[in-house]
Amino acid sequence: MFFPRWFELCCHCSRVVSRRGFPWGTPKDHSGLRPANFTEVQLRGTNAVPKRLSHCDIGDLYNISSVQRYLQKLMEEHRELSRKLQHNQLRDSDRKALLKKHTELLPVAGLFGSIEQAQKDLEEVLSLLHTGTKDEDQNLIQLLREEEAQICSNILTLRKHLIKALVPVDPLDPSDVVLEIVSGRTTGGDICQQFTREMFDMYRGFAYYKNWNFEVLNYSPAEYGGLHHAAVRIAGDNVYMHLKHEGGTHRVQRIPEVGLSSRMQRIHTGTMSVIILPQLVELDVHIDPKDLRIDTFRSRGPGGQGVNTTDSAVRIVHLPTGIVSECQQTRSQLQNRDTAMRMLRARLYQSMMGKETEQRHMARKQQVGTRNQAERIRTYNFSQDRVTDHRTGYTTRDIKEFMRGGEELEELMTDLLEHSEQEALLEAVEIFVTGQSAD
């Protein structure tokens, strides 16, 4: 069988590359991150799909035998689709459906073929090395060993690309988002509001860093330069893909610099929530005007001429669900109403998602939670100059630089995205394995 032989050669590749000093998915030196420690015995005996891996290079998932069986099933499906597409008797609708699936599998099949060819090249080099004698030219042996190491390095790179090609695609990734920031209700007092304003500035800085459009829809300031609530629309390339894992409760630990809490000069703990709502190009959400209650009121907080003196702010309540959206950013009631309706449609779309989709994309209620410390996804400890994400264990220092919303924040988001890709692939493989067991 080709797969067992392929697997044995890949185990050999990992030993060769390690011995020759080629990298094998060693992550950046962050606390809580470590490469998976797969031994050859583990590679040969791993049959179950783990619930959660220690965060490692995504290419290491290839070492799991169930992932290889899943890959073999896809290759068999690709060959079967190729065979069916050669028939001339297919109806146009059937051919179109087969061609679509065939195209989806094409990148995986191409990488599979490249790895297969590299394995053949490796077998040839190993055969020459094993059949050689001590009297042979040492220069030739050295060249063969260098070729062996180069092929193994190439195989490991192709394996990583292959596994990434297997990761299920999130159709919402290219979407723009509405990002809401809400101060904590249960802990921290004014420290929550100050931290909420800093988080708003951080995401605004990240939007500028990524050259995204950052449009403020709602902004409710608090005392001492804090922030109660804000909603913004962020538009650009793959915005949801980068921000979708930011939804949840964020915890801060610090000695407050302003406000009533600053008088105690001790470390306080507070929370705030981030809510991410994807904005599809067209939201298929029907809203009956009879189900809406539209209120107008005067804008709150500081403002210029006419902003706080007219009823320009708009609040819309969807009566059947109780979902509320409001906007008070402009002097035009019509513009505020239009913005509030866009936000309402986004929230209704999120609430209409099925249970599985809600879990995958963090529905609004799951993200808001109760905003208490037990539900935190990330801690910002100013006293220790540390940011820790509790979902992956990712830790970074220089918190002031992190809060600027530049490269440091992007590195954490990339780490979360890679981790979620691993989880998504393992989930797809688990479904495949469960289906095989049922058969």
Side-chain angles (χ1 to χ4, degrees), residues 176-185 189-190 192-208 212-236 239 243 246-247 250 259 271-279 283 285 287 289-351 364-365 367-368 371:
D176 299 335
V177 305
V178 168
L179 181 147
E180 291 190 63
I181 299 175
V182 188
S183 175
R185 286 194 298 250
D190 48 20
C192 296
Q193 297 158 7
Q194 294 162 21
F195 180 55
T196 303
R197 192 259 306 161
E198 290 177 293
M199 291 291 288
F200 176 88
D201 292 341
M202 182 185 77
Y203 288 121
R204 179 169 55 185
F206 187 69
Y208 293 158
W212 293 339
N213 183 45
F214 190 87
E215 177 189 356
V216 179
L217 305 177
N218 193 20
Y219 191 95
S220 302
E223 295 179 343
Y224 306 107
L227 177 63
H228 286 298
H229 169 269
V232 300
R233 180 178 180 271
I234 304 178
V239 176
L243 296 180
E246 293 299 295
H250 297 243
T271 62
M272 57 81 61
S273 292
V274 176
I275 305 156
I276 306 295
L277 301 171
Q279 296 283 280
L283 291 179
V285 179
I287 300 178
K290 297 179 181 178
D291 293 335
L292 300 179
R293 189 184 77 229
I294 302 177
D295 304 321
T296 58
F297 58 95
R298 292 187 179 182
S299 299
R300 300 182 295 270
Q305 297 179 353
V307 175
N308 320 358
T309 59
T310 60
D311 293 337
S312 59
V314 176
R315 180 187 299 111
I316 304 178
V317 181
H318 187 249
L319 299 176
T321 62
I323 294 177
V324 181
S325 69
E326 65 178 51
C327 181
Q328 55 178 338
Q329 283 308 110
T330 70
R331 296 172 57 182
S332 169
Q333 187 182 109
L334 291 177
Q335 290 182 13
N336 288 337
R337 177 170 175 167
D338 181 65
T339 300
M341 279 298 298
R342 281 161 43 196
M343 294 172 61
L344 180 65
R345 286 182 180 277
R347 293 176 184 177
L348 286 173
Y349 176 81
Q350 194 80 347
S351 68
R364 187 176 193 277
K365 290 184 179 180
Q367 294 183 55
V368 175
R371 303 175 200 158

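Since the structure is predicted, the reported quantities are computational estimates derived from the model, not experimental observations.
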Self-check item: Inter-residue atom distance Leu344.CG - Ile294.CD1, 0.5 Å rounding
Solution: 9.5 Å
Quiz item: Distance from Ile287 atom CD1 to Leu348 atom CG, nearest 0.5 Å?
Solution: 5.0 Å
Quiz item: Does the ring pair (Phe, Tyr, Trp, His ring centres under 6.0 Å) test come out yes or no for Phe206 and Phe214, once each step is laid out?
Solution: CA-CA 10 Å; Phe206 187 69; Phe214 190 87; over 10 Å; no
Quiz item: Less than 4.5 Å apart, any side-chain heavy atom of Gln328 and any of Ser220?
Solution: yes
Self-check item: With sequence neighbours excluded, residues passing side-chain hydrogen bond (donor to acceptor under 3.5 Å, both in side chains) with Arg233
Solution: Asp176
Exercise. Of all the heavy-atom pairs spanning Leu227 and Ser183, show the shortest one and how long it is.
Key: O-CB, 3.6 Å
Quiz item: Are any non-hydrogen side-chain atoms of Val177 and Trp212 less than 4.5 angstrom apart?
Solution: no
Quiz item: Are the side chains of His228 and Thr196 in touch, meaning some heavy atoms are under 4.5 Å apart?
Solution: no
Exercise. Could you grab the distance from atom CE of Met341 to atom OG of Ser325, nearest 0.5 Å is fine?
Key: 7.5 Å
Self-check item: Shortest non-hydrogen contact between Arg347 and Leu277, atoms and distance
Solution: CG-CD1, 3.6 Å
Quiz prompt | Partners passing salt bridge (Lys or Arg N to Asp or Glu O under 4.0 Å) against Glu223 (at least two apart in sequence or in another chain) | solution = none
Quiz prompt | Straight-line distance of Ile234 CD1 to Tyr203 OH, nearest 0.5 Å | solution = 9.0 Å
Self-check item: Donor-acceptor under 3.5 Å (Ser273 side chain, Val182 main chain)
Solution: no
Quiz prompt | salt bridge (Lys or Arg N to Asp or Glu O under 4.0 Å) involving Asp201 - partner list, sequence neighbours excluded | solution = Arg197, Arg204
Quiz prompt | Beyond-backbone contact of Leu292 with His318, side-chain heavy atoms, under 4.5 angstrom | solution = yes
Exercise. Please report the closest heavy-atom contact between Leu319 and Lys290, naming both atoms and the distance.
Key: CD1-O, 4.4 Å
Quiz item: Can you find a heavy atom in the side chain of Leu179 that is under 4.5 Å from one in the side chain of Ile276?
Solution: yes
Practice problem: Please report the shortest heavy-atom distance between Arg331 and Ser312, naming the atom on each side. | Solution: O-CB, 3.5 Å
Self-check item: Side-chain donor/acceptor of Asn336 to backbone N/O of Thr330, under 3.5 Å
Solution: yes
Exercise. Determine the minimum heavy-atom distance between Ala340 and Ile316, stating which atoms define it.
Key: CB-CD1, 3.8 Å
Quiz item: Are any of the side-chain heavy atoms of Tyr224 and Gln194 separated by less than 4.5 Å?
Solution: yes
Quiz item: Rounded to the nearest 0.5 Å, how far does CE of Met272 lie from CD of Gln193?
Solution: 11.5 Å
Self-check item: Atom of Met199, atom of Val274 and distance for their closest heavy-atom approach
Solution: CE-CG2, 4.4 Å
